Amino acid sequence: MLEKFLTKTSFDSQADFIANFKITVPENFNYGYDVVDAWAAEAPGKRALCWTNDRGEHIDFTFADMKEYSDRTASWFQSLGIGKGDMVMLILKRRYEFWYSIIALHKLGAVVIPATHLLTKKDIVYRANAADVKAIVCVGEEQILKHVTDSLPESPSVKRLISVGPLTPEGFDDFHKGIREAAPFVRPAHVNTNGDTSLMYFTSGTSGNPKMVIHDYTYPLGHIVTASFWHNLHQDSLHLTIADTGWGKAVWGKLYGQWIAGATIFVYDHEKFTPSDMLRMIRDYRITSLCAPPTIFRFLIREDLTRYDLSSLKYCTIAGEALNPAVFEAFHKLTGIKLMEGFGQTETTLTICTLPWSEPKPGSMGLPNPQYDVDLLRPDGSRAEDGEQGQIVIHTKNGKPLGLFKSYYRDPERTREAWDNDIYYTGDVAWRDEDGYYWFVGRADDVIKSSGYRIGPFEVESALMTHPAVVECAVTGMPDEIRGQVVKATIVLAKDYADKAGDALVKEIQEHVKQVTAPYKYPRIIEFVSELPKTISGKIRRVEIREKDEEQ
């Protein structure tokens, strides 16, 4: 399958990759027909999805199954009046019906809006009205159904409510009954062009209302690098990305690039993350490749890994937030596996990454993906030198790169703020070393200015994470009359230290940071908390900590 889109499919160095990597984009590309159905024709019995849940159920789906069920779903959606350009929200957790539905909607030319099950009535109303959502497909669980039902009176565009079960109350169509009784699917004429909108994400955001990020039909091809080279997948791989289908990370790691590479996607449908359960899944199903955010790896390294046979696991990648070097070193010591970091946004595909032929530098995001013209700019717009902090940008003077978003839906002003004069501004600050590796500093709004110094939260957090008392932390700037700002650390303690929270531990942690990094970066204020404020996608909301401090 990969040969359909790449003139060269294997590389031995970054120089080779930069010089020879090129994706061929077919006219009117449609992932449902050109990848899923193509696999069903070429290798119908090949396993596409290995699905299990925390109740012990297990189903294997072949590509022939995926074609059949997505066709049935598409036919039934058509009978409900869903077609080209219609907005459909999917609130499906990790249920296998997500894969039926997203592929079916691609086949119809509709627009998919994946959403998390953590949305409340208010969140659903906002999204439904902002995007003129026509239908909502959701898990039939009491709380989700209630939020969806309660949103309906204030969401006039929503015409259909669909439940995949187990509950299907009055007012909801029964998903499984519908696809069971669906007529044979007939492919519509003129489904899409490459520039049509296929996917919309409401970014969780660390401040303000979520932005509506829209991608076109070529977006899945942008994830070839994600799966084939960053995840290092091939046709015998069994890959697990830990993410709910409402997050952008799901299509990064549980759909697009993985099936182009011919890998099998492993899905563990669970209600609550438990490190021991995840390790058991890796052991029992012989997972070969894992991708997860740093938080997951922070929990895994605190388990007794000697209790699990993890010999099948060959490759691990990490993204979502910057990776603390202490986590890298601990995981490598315990497993022998080097975590390969990657950086990207909802607006992009994988932008900066550590690929198999590159040696990872603990704490570094890696090297730019040649799909994008990545650079660092100073606030005045000039290019930052090596070793100097600057905002990560993508130059687009040669056109929109494959994988970059189209715009923020119905928000030209916000689009211009982020993407102006052929430059897309990520809002993230980093520095580049003499080897071209990029090192994350923080969001532009999160950089702390104290006594003339610019301090990146990530470097202080990395120092804090090397202290055994610290499980999670967030570093922010707190207003100070003399210094402008001082460094504050909000810390979640390890269980063994929970009863030691006090002045002595504060001083111990402060001294530790002074030893690990430059003394001026140490947190002058430390607060111990039971949990950190996070977005629904799991990112730390430093803005919430700052706002609370300013109020006080």
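For this chain, numbers begin at 1 and follow the sequence in order. Fair warning: this is a prediction, and the values are worked out from it, not measured in the lab. For the numbers below, each heavy atom of this structure counts, side chains included, while hydrogens, waters and symmetry mates do not.
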Notebook entry, point to check: With sequence neighbours left out, what residues match His215 under ring pair (Phe, Tyr, Trp, His ring centres under 6.0 Å)?
Noted result: Tyr219
Note to self: Let me confirm one number: the NZ-CG distance from Lys107 to Asn30, rounded to the nearest 0.5 Å.
What the structure shows: 8.5 Å
Next item on the list: Compare all side-chain heavy atoms of Phe5 with those of Phe29 and state whether any distance is below 4.5 angstrom.
Entry: yes
Next item on the list: For the pair Ser198 (side chain) and Val111 (backbone), establish whether a donor and an acceptor sit closer than 3.5 Å, ignoring hydrogens and angles.
Entry: no
Check: Taking Ser364 for the side chain and Tyr438 for the main chain, is one N or O donor matched with an acceptor at less than 3.5 Å?
Finding: yes
Item checked: No-hydrogen, no-angle side-chain donor-acceptor test under 3.5 Å, His270 and Asn53 -> no
Note to self: In the structure I gave you, are the side-chain heavy atoms of Ser101 and Leu92 within less than 4.5 Å of one another anywhere?
What the structure shows: yes
Next item on the list: Evaluate salt bridge (charged side-chain N to carboxylate O under 4.0 Å, His left out) for Asp277 paired with Lys272, printing each intermediate quantity in order.
Entry: CA-CA 10 Å; Asp277 286 348; Lys272 182 181 178 182; over 6 Å; no
Check: In terms of side-chain geometry, is the basic nitrogen of Asp216 or Lys406 positioned less than 4.0 Å from the acidic oxygen of its partner?
Finding: no
Next item on the list: Locate the shortest heavy-atom distance separating Ile287 from Ser312; write the atom from each residue and the value.
Entry: O-OG, 2.7 Å
Checklist line | Sequence neighbours excluded, every pair satisfying ring-ring contact (aromatic ring centres under 6.0 Å, His included) that has a member inside residues 323-348 | finding: Phe297-Phe331
Margin query: What I want to find out is whether Glu385 reaches Arg432 closely enough, with some N-O distance under 4.0 Å, to be called a salt bridge.
Written below: no
Check: Only one of His239, Gln258, His234 clears side-chain contact (heavy atoms from CB on, under 4.5 Å) with Ser289; which?
Finding: His239
Next item on the list: For the pair Lys46 (side chain) and Gly262 (backbone), establish whether a donor and an acceptor sit closer than 3.5 Å, ignoring hydrogens and angles.
Entry: yes
Next item on the list: Please step through side chain to side chain contact (heavy atoms under 4.5 Å, CB included) for the pair Ser237 and Thr264, ending with a clear verdict.
Entry: CA-CA 6 Å; Ser237 299; Thr264 301; over 6 Å; no
Next item on the list: Could you label the plane-to-plane angle of the Trp259 and Tyr31 rings as parallel, tilted or perpendicular, counting under 30° as parallel and over 60° as perpendicular?
Entry: parallel
Check: Are any non-hydrogen side-chain atoms of Val471 and Arg302 less than 4.5 angstrom apart?
Finding: yes
Check: How far does CD of Glu329 sit from CG of Leu339, to the nearest 0.5 angstrom?
Finding: 10.0 Å
Notebook entry, point to check: Side chain of Trp51, backbone of Arg94: donor and acceptor closer than 3.5 Å?
Noted result: yes
Item checked: From SG (Cys50) to CE (Met281), nearest 0.5 Å -> 10.0 Å
Checklist line | Lys333, NZ atom: more than 12 neighbouring heavy atoms under 6.0 Å | finding: no
Checklist line | Inter-residue atom distance Thr354.OG1 - Glu359.CD, 0.5 Å rounding | finding: 9.5 Å
Note to self: Looking at every non-hydrogen atom in both residues, tell me the closest pair between Leu464 and Val475 and how far apart they are.
What the structure shows: CD1-CG2, 3.7 Å
Note to self: Assess the residue pair Asp244 and Lys249 against the criterion (salt bridge (charged side-chain N to carboxylate O under 4.0 Å, His left out)); give the C-alpha distance rounded to whole Å, side-chain angles, the decisive distance to 0.1 Å, and a yes or no.
What the structure shows: CA-CA 8 Å; Asp244 182 278; Lys249 193 70 173 61; over 6 Å; no
Notebook entry, point to check: Would you call Leu108 and Val191 a side-chain contact if the rule is heavy atoms closer than 4.5 Å?
Noted result: no
Note to self: One pair to check against salt bridge (charged side-chain N to carboxylate O under 4.0 Å, His left out): Glu271 and Lys93. What are the steps and the verdict?
What the structure shows: CA-CA 9 Å; Glu271 290 301 315; Lys93 291 189 169 182; 2.9 Å; yes
Checklist line | Student check: side-chain heavy atoms of Tyr201 and Val251 closer than 4.5 Å | finding: yes
Next item on the list: Can you label the angle between the Phe21 ring and the Phe11 ring as parallel, tilted or perpendicular, going by 30° and 60°?
Entry: perpendicular
Next item on the list: With rounding to the nearest 0.5 Å, note down the distance linking SG in Cys353 to CE in Met340.
Entry: 9.5 Å
Note to self: Please find the pair of heavy atoms, one from Ile113 and one from Ala131, that lie closest to each other, and give the distance.
What the structure shows: CD1-CB, 4.0 Å
Margin query: Tell me whether Lys338 contacts the main-chain N or O of Tyr315 through its side chain, where contact means a donor paired with an acceptor under 3.5 Å.
Written below: no
Next item on the list: State the CG-CD distance between Leu334 and Glu303, to the nearest 0.5 angstrom.
Entry: 11.0 Å
Notebook entry, point to check: Between the main-chain N or O of Gly427 and the side-chain N or O of Gln391, is there a donor-acceptor pair closer than 3.5 Å?
Noted result: yes
Next item on the list: Please answer whether the main-chain N or O of Ala115 pairs with a side-chain N or O of Trp247 as donor and acceptor at a distance below 3.5 Å.
Entry: no
Margin query: For residues 418-437, which residue pairs pass the ring-ring contact (aromatic ring centres under 6.0 Å, His included) check, not counting sequence neighbours?
Written below: Phe405-Trp419, Phe405-Tyr424, Trp431-Trp439
Item checked: Pair Thr351, Thr348: side-chain N/O donor-acceptor within cut-off below 3.5 Å -> yes
Notebook entry, point to check: What's the verdict on side chain to side chain contact (heavy atoms under 4.5 Å, CB included) for Lys254 and Ile242, showing C-alpha distance, side-chain angles and the deciding distance?
Noted result: CA-CA 9 Å; Lys254 300 167 96 81; Ile242 300 176; over 6 Å; no
Notebook entry, point to check: If we only count heavy atoms from C-beta on, is the Ile394 to Ile423 side-chain gap below 4.5 Å?
Noted result: no
Checklist line | Closest non-hydrogen atom pair, Leu238 against Phe266 | finding: CD1-CB, 3.8 Å
Next item on the list: Check whether any side-chain N or O of Glu472 sits under 3.5 Å from a backbone N or O of Glu531 as a donor-acceptor pair, and report yes or no.
Entry: no
Note to self: Does Lys4 have more than 12 heavy atoms from other residues, nucleotides or ligands lying within 6.0 Å of its NZ?
What the structure shows: yes
Notebook entry, point to check: Is the backbone of Asp422 close enough, under 3.5 Å, to the side chain of Thr396 for a donor and an acceptor to pair up by distance?
Noted result: yes
Notebook entry, point to check: Do Glu388 and Arg378 sit within salt-bridge range, that is, some charged N less than 4.0 Å from a carboxylate O?
Noted result: yes
Checklist line | Closest non-hydrogen atom pair, Pro325 against Gly363 | finding: CG-CA, 3.9 Å
Item checked: Side chain proximity check, His395 to Asp375, heavy atoms < 4.5 angstrom -> yes
Next item on the list: Could you pull out the closest heavy-atom pair between Lys67 and Ser70, with the gap in Å?
Entry: O-OG, 3.1 Å
Check: Which pairs with one or both residues in residues 356-379 pass ring-ring contact (aromatic ring centres under 6.0 Å, His included), sequence neighbours excluded?
Finding: Phe17-Trp357
Notebook entry, point to check: Which residue pairs pass the salt bridge (charged side-chain N to carboxylate O under 4.0 Å, His left out) test when at least one of the two sits in residues 456-466, sequence neighbours left out?
Noted result: Glu459-Lys521, Glu461-Arg542
Note to self: Tell me every residue that passes side-chain hydrogen bond (donor to acceptor under 3.5 Å, both in side chains) with Glu42, counting only those two or more places apart in sequence or in another chain.
What the structure shows: none
Item checked: Donor-acceptor pair between Glu97 and Tyr69 side chains, under 3.5 angstrom -> no
Notebook entry, point to check: Mind checking whether Phe61 and Tyr96 have parallel, tilted or perpendicular rings, split at 30° and 60°?
Noted result: tilted
Checklist line | Heavy-atom side-chain contact between Arg286 and Leu313 under 4.5 Å | finding: no
Next item on the list: Give a yes or no answer on whether the side chain of Asp196 reaches the backbone of Thr193 with a donor-acceptor pair at less than 3.5 Å.
Entry: yes
